[in-house]
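Here the structure comes first, spelled out in structure tokens, and everything after it is commentary.
Position 1 is the first residue of the sequence, and the numbers go up from there.
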Amino acid sequence: MKTGSQIIQAVNGTLWGVPMLVLLMGCGVYLTFALHAFQLTRARMWMRETFGSLFGKKNGNGNGISPYHAVSSALASSIGTGNIVGVATAIAAGGAGAVFWMWVSATFGMAIKYAEIFLAVKFRRKDKSGYYGGPMYYIEEGLGKGFKWLAAVFAFSGTLACLGMGAMNQSSSIAAVIQPYTHISKPVCGAILAIIAILAVSGGIARISSVTSALVPIMAGMYILGGIVIICISPRDIYGAFCEIISSALAPCAIYGGAAGTAVRSAVRYGVARGVFSNEAGLGTSPIVHAAADAKGPVQQGLWGVFEVFVDTIVVCTVTAVVIIGSGTHLGEASGAGMVTLAFEKYFGHFGGVFVAVATVMFAISTILGWSYYGESCIGYLCGNRQSIAKAYRALFAAAVFLGAVMQADAVWELADMFNGMMMVPNLIAVISLSGIVVKETKTFLLTENDKRSIIKSIHKREKRKPGARRKKTGSAAHNDAVRADT
């Protein structure tokens, strides 16, 4: 066992070391420049096409779940314990500056997530139950049949990662966090979670999306509201937190090396790494559920990916970070969820601990639901989309949820990290290789949007004119008036 553990740790050291982070950030930087940083320059556009579209007319042809349900399912899997524990561990290992680099990785991650979802919709397939797709399909279809083995590597890694990361680790976190408050035993907790999982996933993506579309707004809204309350009651702490984040990340003394330089390097490393674990940009998981959406087109659905990263990291993770740093608990000995619990207890008292426990449970349950569909899709690619295979995997997934609640998950975390890295490598290879398609069609879409905006602006100008107001004369009438004026 010791030898096996050492091998896994060595593999993780390579997969999640500097080369992987360079590959990930390099892909994000390249796509950002190729797309003219549209995630920043066109923020109003993608916000209008995503969040703004929720209040407009419904679109689609009924061949899949709605774009909102797709992003809810994707957010359900990405907004998990990483938004609480992951942020705390990043700050503990890399200091307050890690949060700044988490923002940087999220900014470039928006371009990666956009490209992933674009390709998933572009190369998706359809059967009698609706659309389906993901990295394994755009690897095979986009790169050619000769790369089917690479798609199989992704699908195999994804199947195992979903049992570990999506099932066992999440249920373990739930069992640990609720026991001090409810005294529910781990076996009972595991059984309850397994029943919830099997009931939710037995209906496929339609039922999962229905549950997550109701759960995600509640859990994210509740957590963000808690952060807003803290900002209102203690604005000086929050202001100080932002100042510490910026100063720690960009300290001028870092250029002289020594301890300061080491601290900045740690901030970059852990900030980028935890940002990836938070929003899953580059991992290739979210495109699986987005491929099932009844989308107007690849570009429109890809914009939901930009919105997804924004909510997950820029909003939710920032709430966790500023509360931790503002409270000063990152300077103590607490770590992980304990650090977040102490931070919220400083402002809310005992209720703060309960608040963090409830948030962790909701985040973890949503992750279980989202990843269950990812795993089922991956094993469906490997073994064929047969109903018997799907039922067997659902039972196996529910068993993994139960086991995760009753056993130590240290080894499972190591395995999950390894399989996550194995998923990322083939996915990033495909994204980079197929980026030309993404860039070409996106530029065409943006040019069309510019034309639309010009037309809308001209219409608005005409509508603003009051009835009977003097209009600018054109043609011969304007010429005659000019002649009369000269004479």
From [X] atom [atom1] to [Y] atom [atom2], the distance as rounded to the nearest 0.5 Å:
{"X": "Y373", "Y": "R394", "atom1": "OH", "atom2": "CZ", "value": "10.5 Å"}
{"X": "L403", "Y": "L396", "atom1": "CG", "atom2": "CG", "value": "9.0 Å"}
{"X": "Y137", "Y": "I288", "atom1": "OH", "atom2": "CD1", "value": "9.0 Å"}
{"X": "E280", "Y": "T313", "atom1": "CD", "atom2": "OG1", "value": "10.0 Å"}
{"X": "R48", "Y": "L303", "atom1": "CZ", "atom2": "CG", "value": "10.0 Å"}
{"X": "T285", "Y": "H290", "atom1": "OG1", "atom2": "NE2", "value": "9.0 Å"}

Please name all residues satisfying side-chain contact (heavy atoms from CB on, under 4.5 Å) with [X], sequence neighbours left out, ordered by chain then number.
{"X": "Y239", "result": "C243"}
{"X": "Y393", "result": "T159, C162, L163, E376, I379, F397"}
{"X": "P235", "result": "none"}
{"X": "A357", "result": "V177, Y181"}

Taking [Y]'s backbone N and O only, do any of them form a donor-acceptor pair with [X]'s side chain (distance below 3.5 Å, no angle check)?
{"X": "W46", "Y": "V306", "value": "no"}
{"X": "S171", "Y": "M168", "value": "yes"}
{"X": "R124", "Y": "A293", "value": "yes"}

Identify the heavy atoms of [X] and [Y] that sit nearest to each other, and give their distance.
{"X": "F154", "Y": "I139", "result": "CB-CD1, 4.5 Å"}
{"X": "V401", "Y": "A194", "result": "CG1-N, 3.8 Å"}
{"X": "P135", "Y": "G284", "result": "CG-O, 3.0 Å"}
{"X": "V121", "Y": "A291", "result": "CG2-CA, 4.5 Å"}
{"X": "G190", "Y": "F402", "result": "C-CD1, 3.5 Å"}
{"X": "I198", "Y": "A398", "result": "CD1-CB, 4.2 Å"}

Within residues 337-359 or reaching into it, pairs that qualify as salt bridge (charged side-chain N to carboxylate O under 4.0 Å, His left out) - sequence neighbours excluded
D237-K346
Which pairs, with at least one residue in residues 157-184 and sequence neighbours excluded, count as a salt bridge (charged side-chain N to carboxylate O under 4.0 Å, His left out)?
none
Determine, stepwise, if the pair D312 / E308 fulfils side-chain contact (heavy atoms from CB on, under 4.5 Å).
CA-CA 6 Å; D312 183 277; E308 183 182 316; 5.5 Å; no
Any chance you could lay out the side-chain contact (heavy atoms from CB on, under 4.5 Å) test for W304 and E49, step after step, and finish with the verdict?
CA-CA 8 Å; W304 281 101; E49 291 286 330; over 6 Å; no
Acceptor/donor pairs from residues 222-233 side chains to any protein atom, 3.5 angstrom cut, sequence neighbours excluded:
residue, atom, partner, partner atom, Å
Y223, OH, T320, OG1, 2.5

Working note: M136 + S377, criterion side-chain contact (heavy atoms from CB on, under 4.5 Å); need CA distance, chi angles, decisive distance, verdict.
CA-CA 10 Å; M136 49 278 198; S377 298; 4.1 Å; yes
Student check: side-chain heavy atoms of [X] and [Y] closer than 4.5 Å:
{"X": "W103", "Y": "C317", "value": "no"}
{"X": "T341", "Y": "F355", "value": "no"}
{"X": "L31", "Y": "I112", "value": "yes"}
{"X": "Q39", "Y": "F310", "value": "no"}
{"X": "C189", "Y": "I174", "value": "yes"}

Begin with the C-alpha distance, continue with both residues' side-chain angles, and end with the deciding distance and a verdict on side-chain contact (heavy atoms from CB on, under 4.5 Å) for M25 and S105.
CA-CA 7 Å; M25 292 299 291; S105 70; 4.1 Å; yes
From CA spacing to verdict: side-chain hydrogen bond (donor to acceptor under 3.5 Å, both in side chains), E116, Y138:
CA-CA 9 Å; E116 291 177 307; Y138 61 70; 4.7 Å; no
Return the set of residues passing side chain to side chain donor-acceptor pair (under 3.5 Å) with T107 (not counting sequence neighbours), or none when no residue passes.
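For T107, no residue satisfies side chain to side chain donor-acceptor pair (under 3.5 Å) once neighbours in sequence are set aside.
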With sequence neighbours excluded, residues passing side chain to side chain donor-acceptor pair (under 3.5 Å) with K122
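Scan of K122 (side chain to side chain donor-acceptor pair (under 3.5 Å), adjacent residues dropped) gives E441.
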So, using ring pair (Phe, Tyr, Trp, His ring centres under 6.0 Å) as the criterion, who are the partners of F118 when residues are at least two apart?
none
Could you list the donor-acceptor pairs under 3.5 angstrom formed between side-chain atoms of residues 324-332 and any protein atom two or more places apart in sequence or on another chain?
residue, atom, partner, partner atom, Å
S327, OG, V323, O, 3.0
S327, OG, I324, O, 2.8
S327, OG, T329, N, 3.4
S327, OG, T329, OG1, 3.2
T329, OG1, M339, O, 3.4
H330, NE2, E244, OE2, 3.1

Less than 6.0 angstrom from the centroid, inside 45 degrees of the normal: does R125 satisfy that with respect to the ring of Y132?
no
Any idea how F348 and F344 line up, ring-wise: parallel (<30°), tilted (30 to 60°), or perpendicular (>60°)?
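Ring orientation, 0 to 90° scale: tilted.
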